[in-house]
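In what follows, a single structure is set out as structure tokens and then discussed.
Just so it is clear, the values below take in all heavy atoms, side chains as well, and ignore hydrogens, waters and symmetry mates.
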Amino acid sequence: MAMRWEAFLEQVQERGRYPTPQEAERSARTVLALLGAHLVGEVRAELAARLPETFALILLNPLQSAEPLSPERFVRATAAWIEGASEQTAAWDVSAVLSVAADAAGDELTCRMLLQLPPGYDLLFGHPEHV
């Protein structure tokens with residue numbers, strides 16, 4: 001079952017300590033667009049089914065990536081897409097969004113997502129016990 005829009009944004013806003021829902025939404029859109037470029041097939045479709053519709057569409061129509069980005073490059077790419085972000089703030093953005101996505105996905109799907117990603121993403125998702 002898909003997570004409600006308001007619940008997803010509230011959790012991202014709380015975890016990212018964003019002053020406004022608009023800032024949480026901006027981060028979520030960017031991070032999920034980048035994540036969508038790294039996930040494929042059934043795993044991407046299952047995650048999309050658990051996200052609010054707008055974010056699901058972003059995940060299913062991702063930014064293009066020639067190769068899987070390491071966790072560090074993923075954070076740098078996020079910083080490049082969010083106006084005024086630094087690598088430090090982008091790391092915060094990534095962790096806020098991916099931890100909420102992991103909660104929406106559940107442990108089994110999160111493990112399958114991590115298998116598709118380069119080593120080190122478990123920390124970005126807030127699940128260092130996986131993989």
To the closest 0.5 Å, what do you measure between [atom1] ([X]) and [atom2] ([Y])?
{"X": "Glu23", "Y": "Gln13", "atom1": "CD", "atom2": "CD", "result": "8.5 Å"}
{"X": "Arg73", "Y": "Leu34", "atom1": "CZ", "atom2": "CG", "result": "11.5 Å"}
{"X": "Arg112", "Y": "Leu47", "atom1": "CZ", "atom2": "CG", "result": "10.5 Å"}
{"X": "Arg4", "Y": "Glu10", "atom1": "CZ", "atom2": "CD", "result": "7.0 Å"}
{"X": "Asp103", "Y": "Arg50", "atom1": "CG", "atom2": "CZ", "result": "12.0 Å"}
{"X": "Arg26", "Y": "Glu83", "atom1": "CZ", "atom2": "CD", "result": "7.5 Å"}

Is there side-chain contact between [X] and [Y], with heavy atoms separated by less than 4.5 Å?
{"X": "Arg29", "Y": "Thr54", "result": "yes"}
{"X": "Leu35", "Y": "Phe125", "result": "yes"}
{"X": "Ile82", "Y": "Thr78", "result": "yes"}
{"X": "Thr30", "Y": "Ile58", "result": "no"}
{"X": "Phe55", "Y": "Met3", "result": "no"}

Shortest non-hydrogen contact between [X] and [Y], atoms and distance:
{"X": "Phe74", "Y": "Val31", "answer": "CZ-O, 3.8 Å"}
{"X": "Val43", "Y": "Met113", "answer": "CG1-CG, 3.4 Å"}
{"X": "Arg15", "Y": "Val100", "answer": "NH1-N, 3.3 Å"}
{"X": "Ala48", "Y": "Ala56", "answer": "O-CB, 3.2 Å"}
{"X": "Pro71", "Y": "Leu124", "answer": "CB-CD1, 3.8 Å"}
{"X": "Leu32", "Y": "Leu59", "answer": "O-CD1, 3.6 Å"}

Legend entry - Pairing of Glu72 and Arg76 as salt bridge, 4.0 angstrom limit: no
Inset, instruction - Treat each ILVMFWY residue as a node, draw an edge where side-chain heavy atoms are under 4.5 Å apart, and state whether Trp81 and Val12 are in one component. - result: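 In one cluster: yes.
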Inset, instruction - May I ask whether Leu109 and Leu51 are part of the same hydrophobic cluster, defined by side-chain heavy atoms of I, L, V, M, F, W, Y residues being less than 4.5 angstrom apart, directly or through others? - result: yes
Inset, instruction - Say whether, by atom type as modelled, one donor and one acceptor occur between the side chain of Ser95 and the main chain of Trp92 under 3.5 angstrom. - result: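 Answer holds: no.
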Legend entry - Any donor-acceptor pair under 3.5 Å from Thr89 side chain to Ala85 backbone: no
Legend entry - Working for side chain to side chain contact (heavy atoms under 4.5 Å, CB included), residues Leu69 and Tyr121: CA-CA 10 Å; Leu69 300 175; Tyr121 273 82; 4.1 Å; yes
Just wondering, are more than 12 heavy atoms of other shown residues or ligands nearer than 6.0 Å to [atom1] in [X]?
{"X": "Trp5", "atom1": "CH2", "answer": "yes"}
{"X": "Glu14", "atom1": "CD", "answer": "no"}
{"X": "Glu6", "atom1": "CD", "answer": "yes"}

